[in-house]
2 protein chains.
Amino acid sequence: MANPVRDQILEQAASLLMTRGYHGFSYRDIAAEVGVKTSSIHYHFPTKEDLVMAAVEEYSAEVARNLRMIDTTLAADMQLQRYAHHFGLMRGAAGDRICLCGMLASDIESLPESVRVAVQSFFKMNEQWLAAVVERGARDGTLRGSGDAEADARALFGAFQGCVLASRLFRSSARIDDVVRAWRQAQ
Amino acid sequence: MANPVRDQILEQAASLLMTRGYHGFSYRDIAAEVGVKTSSIHYHFPTKEDLVMAAVEEYSAEVARNLRMIDTTLAADMQLQRYAHHFGLMRGAAGDRICLCGMLASDIESLPESVRVAVQSFFKMNEQWLAAVVERGARDGTLRGSGDAEADARALFGAFQGCVLASRLFRSSARIDDVVRAWRQAQ
DNA sequence: GTCTATACCGAGATAGAC
DNA sequence: GTCTATCTCGGTATAGAC
């Protein structure tokens, strides 16, 4: 798994997707960055759809791993803070990235159905995890909730997606913290 | 102002921007829909940047008008519901649109700085309006707030943007109501 | 598995007739 | 103000040598 070309291609594709979106980059961009020709990329990923699907799957798997790394014995508001921290890291060193699946959700109307399904799965995974935290927050009193944990989780995940977008727009990382602040129960 | 070609072009451009994003449509798409040639579009809007800037300005003006139409003597939660209603309408008959400025925020890294400034203004306008509602909600007891109305407004607006995105992704309009439900003070 | 070379198309944009 | 015609570039994708 050292660093074969295929992995580099996939990594660059993910980075470009997060920065510029599906129609905002080309095989040439990846080729230039990785140091191969565009035809080599087509060898590994025949079509752009193949490339994007592979990027989504790997991205989802990585986020799933991050979620599992968050200690579920922590207070709910602390778990949420960890989650927000991961969301912030994903913006990259230059701060020019947003969530890969948030980006693809923006482009969804010009993408094949297979991508929509994969992105929906990513959303559901996050919402499910957040619903569990909201429920715990209602019990341990660290988060406010409306009583409907699933609905709260959808609103919460939307807030993270929207605030990451705004963070990049304003070049200010602080906007992600607004979400945790807004959902924390006043002590 | 009946329906000159220029207005039709602008309307189609806005619609295509909301559906497919900046790189997801072409002068040809607009030309086909309006019934003119692409060169006619270039006459009215020399570059694509001109076209997008005009679309943003008009869209912002329309949203500003909608905000002014919401009765400020209503209870805060009712004002928020009206706001959510407008957000939902914008998705269009086919439900394939998201907020024009939310879409451009996704594409922002491949757009000229002028667009970034215009989109930032749109975000600020909405956040300012929402901050006033959150403040009122703290007074009339219909909305929950953290004490920092500006931060709450940023989180709230992010939630609307993110939930509109998710609504389209899942083809379900219900997801926008989740935001109002989550912010309403339990009675 | 990577290369060179190329096919093919669609993009934004412009010149100039009407 | 709209048209025809055309330019130039960059996009995805493929064939075939190495």
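Here is the naming used below: chain letters follow the sequence lines, and residue numbers restart at 1 for every chain.
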State, with a plain yes or no, whether a side-chain heavy atom of B:Leu80 is found less than 4.5 Å away from one of B:Phe160. yes
Could you state the NZ-P distance from A:Lys37 to D:dG10, rounded to the nearest angstrom? 15 Å
Could you say whether B:Thr38 or B:Ile9 is positioned toward the 5' end of DNA chain D, judged by the nucleotide with the nearest heavy atom to each? B:Ile9
Quick one: B:Ile30 CD1 to C:dA11 P, roughly how many Å, whole number? 11 Å
Can you tell me the distance, in whole Å, between the NE2 atom of B:His42 and the C1' atom of D:dC3? 14 Å
B:Tyr27 vs C:dA11: side-chain N/O to OP1/OP2 distance below 4.0 Å: no
Does a side-chain N or O from A:His44 land closer than 4.0 Å to OP1 or OP2 of C:dT2, or not? yes
Below 4.0 Å: OP1/OP2 of D:dT2 and any side-chain N or O of B:Tyr43: no
Residue pair B:Met90 / B:His86, side-chain heavy-atom distance below 4.5 Å: no
Between C:dT14 and B:Ser39, counting only base atoms on the nucleotide and side-chain atoms on the residue, is there a donor-acceptor pair under 3.5 Å? no
note: A:Ile41, atom CD1; D:dA13, atom P; distance rounded to Å ~ 11 Å
Closest-nucleotide 5' rank along DNA chain D - winner of A:Lys48 and A:Arg28: A:Arg28
Non-hydrogen side-chain atoms of B:Met18 and B:Leu100 separated by less than 4.5 Å: yes
Tell me whether the OP1 or OP2 atom of C:dC3 has a side-chain N or O from A:Ser40 closer than 4.0 Å. yes
Check whether any side-chain nitrogen or oxygen of B:Ser26 sits under 4.0 Å from OP1 or OP2 of C:dA11, and answer yes or no. yes
Classify the ring geometry of B:Phe25 against B:Tyr22: parallel below 30°, tilted from 30° to 60°, perpendicular beyond 60°. perpendicular
Check every strand shown and say whether A:Phe45 touches a base, only sugar-phosphate, or nothing at a heavy-atom separation below 4.0 Å. nothing
